[in-house]
Amino acid sequence: MLRDGRLCHGGDYNPEQWPAATWREDVDLMRRARVNLVTVGVFAWSRLEPAPGRYDFGWLDEVLDLLHDGGIRVALATPTASPPPWFSLAHPDALPVTADGVRLHHGSRDTYCAAAPAYRAAARGIAATLAARYAHHPAVALWHVHNEYGTTCHCPHTEAAFRRWLIDRHGDLDTLNAAWATSFWSQHYADWAYVSTPRATQYLGNPGQLLDFRRFWSDTLLAAYVEQRDLLKAANPAIPVTTNYVLGDWVPVDHARWAAEVDVVAVDHYPWAVDGGAEEQTALAADLARGWARHGRRRTGGPHPNPATPQRADAPATWLLMESAASQIHTTGRSHTKEPGRMARHSLSHVARGSRGAMFFQWRAPAGGAERFHSALVPHTGADSRVFRESVQLGETLDRLAEVTAGEVAASVALAWDAASGWALRHPGMPSELLDGQAEVAAAHRALWRAGYGCDVVLPGDPLDRYRLLVLPALYLASDATADWVRAHVEAGGHLLVSYLSGVADPHARIRLGGYPGAYRDLLGLRVEEFHPLAADEQVLLSGGGTGRIWSETVHPCGAETVCAYVGGVLDGRPAVTRHRAGAGTTWYLSTRPDDGTYRRLVTEAARAAGVQPVCPDAPPGVEAVRRANPETSWLFLLNHTDRPQRVPVEGVDLLTGVPADGAVTLPAGGTAVIREHPR
Ligand code: GAL
């Protein structure tokens, strides 16, 4: 991307929203903030092709030349996330249809059906036209295909494509009927033509059908991306290609699976919790991105490529925070302005975990349009503003940190993640509507984060040899291969921590019988007989002082010992958390969601038993520590999330100030340090 080895700083730049005079000021300001990469053209289709086949590239030519003259590289976007009005008018069949049959209209963005042939042809058309014109422009460092593939559809095109996908996956109708358990409620399919997408139904839909639709749609969006990528690559194979994605359901895809198809895993992250929550969410998003990026890497010498998410031979393991908010946390119903220093801490939390820089949505706040109050590096006030000054400061900081790209995060704890498990837990007919796979992953990650342990996100099937402790947070679906993967880890002496509902169902969301959790009963030394889901405002008491929420279970130990028990209610005295010796390791089972303090104590015990150390054992509470290292050097990122100065024992040099830290560094309130550590 940036051949000069610098970390990327910049963001989405929308010159089409501004007069030419502003472009010159933009380039001057970008240079002041040491911006070196901007994404141009994301939503510019109607300005590039105002009428079918009539192009206007004059403004883009001028902007790219200006940026190039200013030494700023460009991630040139294809504008296909927002088709222009003429397209929607000419191709009403390419507008998306909701599950209850409503066809959506032009007027926002992401209003297209990715399975509609007219949309796909138009998207290829504009991508090829841009490729022909700009693939050798010296400013272009990266192609940014589309923007957050965030749409879903149930139109006839989608339905036909879904059937084709099902035929590929299941082969014959008997297999499909078995996978979807269609004997239930008279859903048996005797002809492929009878099968539809999961439309709005009178009552609960079919879990297998819903799950397959999610997989199919992720593959459909991926195919739409891949055909653009291939056109861009054909025009100039030297320019890397990516598309940006974001956590959660806005981009309804299996992110890890996509990683093998991009040259750079590009993620957008917008935390939605304020007090401390934004920092935890940032850490999780960055760990996820690094985990996904591992699936885009050529693993020379790596033992077992994961067949579920193959690695491309030529793909580097690069990932980049492509978008974040300069000064905003989106809480429900209001935006919270980031306090001074918070934007830098979030950015460094990403860089510490491997991001090739810190990019933002957006460069300049627009005067109009739906997102006119979204924050920007240049806010409505202009450059004489706190946010712009902080972005100048961040530009300097990132330039001082270029050397850290030589180090990698090394963790001994692996946190398993699987998109389909999260989708399946959301299905209707689950015993509780409070189940949320992403929240379970976040709770486990938060416990590790608060206890000071680094972790890598892994997918079922990934090599586990470097991890002492494997955590399965409500990893609901387990194929036989996944069950074997977990067993092999334990048999090799690894430790395991499993939370409720993991391993309960097979990949089609059919229950594994004989007592829960079917895939891991013997490893955990127990059998779960019944679930007792809790009400939203209910909690159960745990012996030892903690509480549990969301879920509880009747656990029968078959060799496992009780770590803490339920107190009161129907489960009084029965095990809530258990521990079991298995092979040379210990396996732990959590039959409820412990409160944060209890969860943190439990992961600390499990990590200690596994011989895992916190990243910086002497860091005071509220100071986040992340280490990147290679065999010669290590860099310790310290982020003070408290409102008081904090002292951390370290030996080395603070790259941000150039001052030696012999014995300790004192971080200002809300401040950061990046220590190049003395070799130990
Ligand atoms: C992103 C999106 C941007 C902008 C931003 C606002 O997800 O890619 O275009 O909408 O959200 O937070």
Side-chain angles (χ1 to χ4, degrees), residues 8 10-18 37-47 75-84 107-112 114 142-152 221 224-225 228 242-253 255 258 262 264-274 278 281-282 285-286 288-289 292 319-338 342-343 346-347 350 355 357-380 387 391 438:
C8 302
D12 278 43
Y13 177 40
N14 299 101
E16 69 276 19
Q17 296 170 5
W18 300 97
L37 184 70
V38 289
T39 301
V40 179
V42 164
F43 295 117
W45 198 343
S46 66
R47 294 295 305 275
L76 188 56
T78 64
T80 50
S82 212
S108 181
R109 68 183 212 200
D110 296 289
T111 316
Y112 57 87
L142 176 69
W143 286 109
H144 177 302
V145 171
H146 202 88
N147 186 73
E148 296 182 348
Y149 275 92
T151 177
T152 192
L221 295 176
Y225 158 78
Q228 287 200 41
T242 192
T243 181
N244 53 335
Y245 37 73
V246 71
L247 286 184
D249 261 1
W250 174 250
V251 176
V253 307
H255 300 80
W258 282 48
V262 295
V264 179
V265 165
V267 297
D268 302 343
H269 190 245
Y270 296 94
W272 59 90
V274 175
Q281 291 176 342
T282 299
L288 278 165
W292 296 330
W319 76 270
L320 173 65
L321 174 67
M322 186 60 102
E323 285 184 27
S324 57
S327 176
Q328 215 165 34
I329 295 170
H330 301 274
T331 58
T332 312
R334 92 184 160 102
S335 43
H336 172 98
T337 300
K338 284 185 187 174
R342 208 168 185 184
M343 179 255 271
H346 289 180
S347 300
H350 283 280
S355 174
M359 307 274 291
F360 295 86
F361 178 87
Q362 53 205 315
W363 166 250
R364 188 183 273 279
E371 290 184 327
R372 62 209 176 283
F373 285 115
H374 197 285
S375 65
L377 293 174
V378 182
H380 287 147
V387 176
S391 84
Q438 188 59 37

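What you are looking at is a predicted structure, and each value in this text was computed from that prediction instead of being measured. Read the numbers this way: they start at 1 and go in the same order the structure lists the ligands and their atoms.
For the pair Phe360 and Ser347, the minimum side-chain heavy-atom distance is below 4.5 Å. A 4.5 Å side-chain heavy-atom check between Arg47 and Gln17 finds every atom pair outside the cut-off. Looking at heavy atoms from C-beta onward, Thr243 lies out of side-chain contact with Gln228 at the 4.5 angstrom threshold.
In terms of polar-atom proximity, defined here as any N/O pair under 3.5 Å, Trp250 makes no such contact with ligand 1. The distance criterion of under 3.5 Å between nitrogen or oxygen atoms is met by Arg109 with respect to ligand 1. The N/O atoms of Asp12, backbone and side chain alike, include none that comes under 3.5 Å of an N/O atom in ligand 1.
The shortest separation from a heavy atom of His330 to ligand 1 is under 4.0 Å, placing the residue in contact.
Proximity to Glu148 (heavy-atom distance under 4.0 Å) selects the following atoms of ligand 1: 1 (C), 2 (C), 7 (O), 8 (O). Of all the atoms in ligand 1, the ones that sit under 4.0 Å from a non-hydrogen atom of Asn147 are 2 (C), 8 (O), 9 (O). Taking every non-hydrogen atom of Phe43 and a distance limit under 4.0 Å, the qualifying atoms of ligand 1 come out as 9 (O). Taking every heavy atom of Asp268 and a limit of under 4.0 angstrom, the matching atoms of ligand 1 come to 8 (O).
In terms of heavy atoms, Ala77 sits closest to Gly41 at CB-C, 3.8 Å. Contact detail for Ala326 and Val387: the closest heavy-atom pair is CB-CG1, 3.9 Å.
Given atom 12 (O) of ligand 1, the protein heavy atom at minimum distance is His374 NE2, 2.7 Å. Taking atom 2 (C) of ligand 1 as the reference point, the nearest protein heavy-atom neighbour is Glu323 OE1, 3.2 Å. The shortest contact between atom 4 (C) of ligand 1 and any protein heavy atom is with Glu371 OE1, 3.4 Å. Here the protein heavy atom with the shortest distance to atom 5 (C) of ligand 1 is Tyr270 OH, 3.6 Å.
Checking each of Tyr225, Tyr245, Tyr112 against His146 for a ring-ring contact (aromatic ring centres under 6.0 Å, His included) leaves exactly one that passes, namely Tyr112. The side-chain contact (heavy atoms from CB on, under 4.5 Å) test with Tyr13 is passed by exactly one of Val42, Thr39, Val38: Val38.
No hydrogens or angles considered: nothing links the side chains of Tyr270 and Gln328 as a donor-acceptor pair under 3.5 Å.
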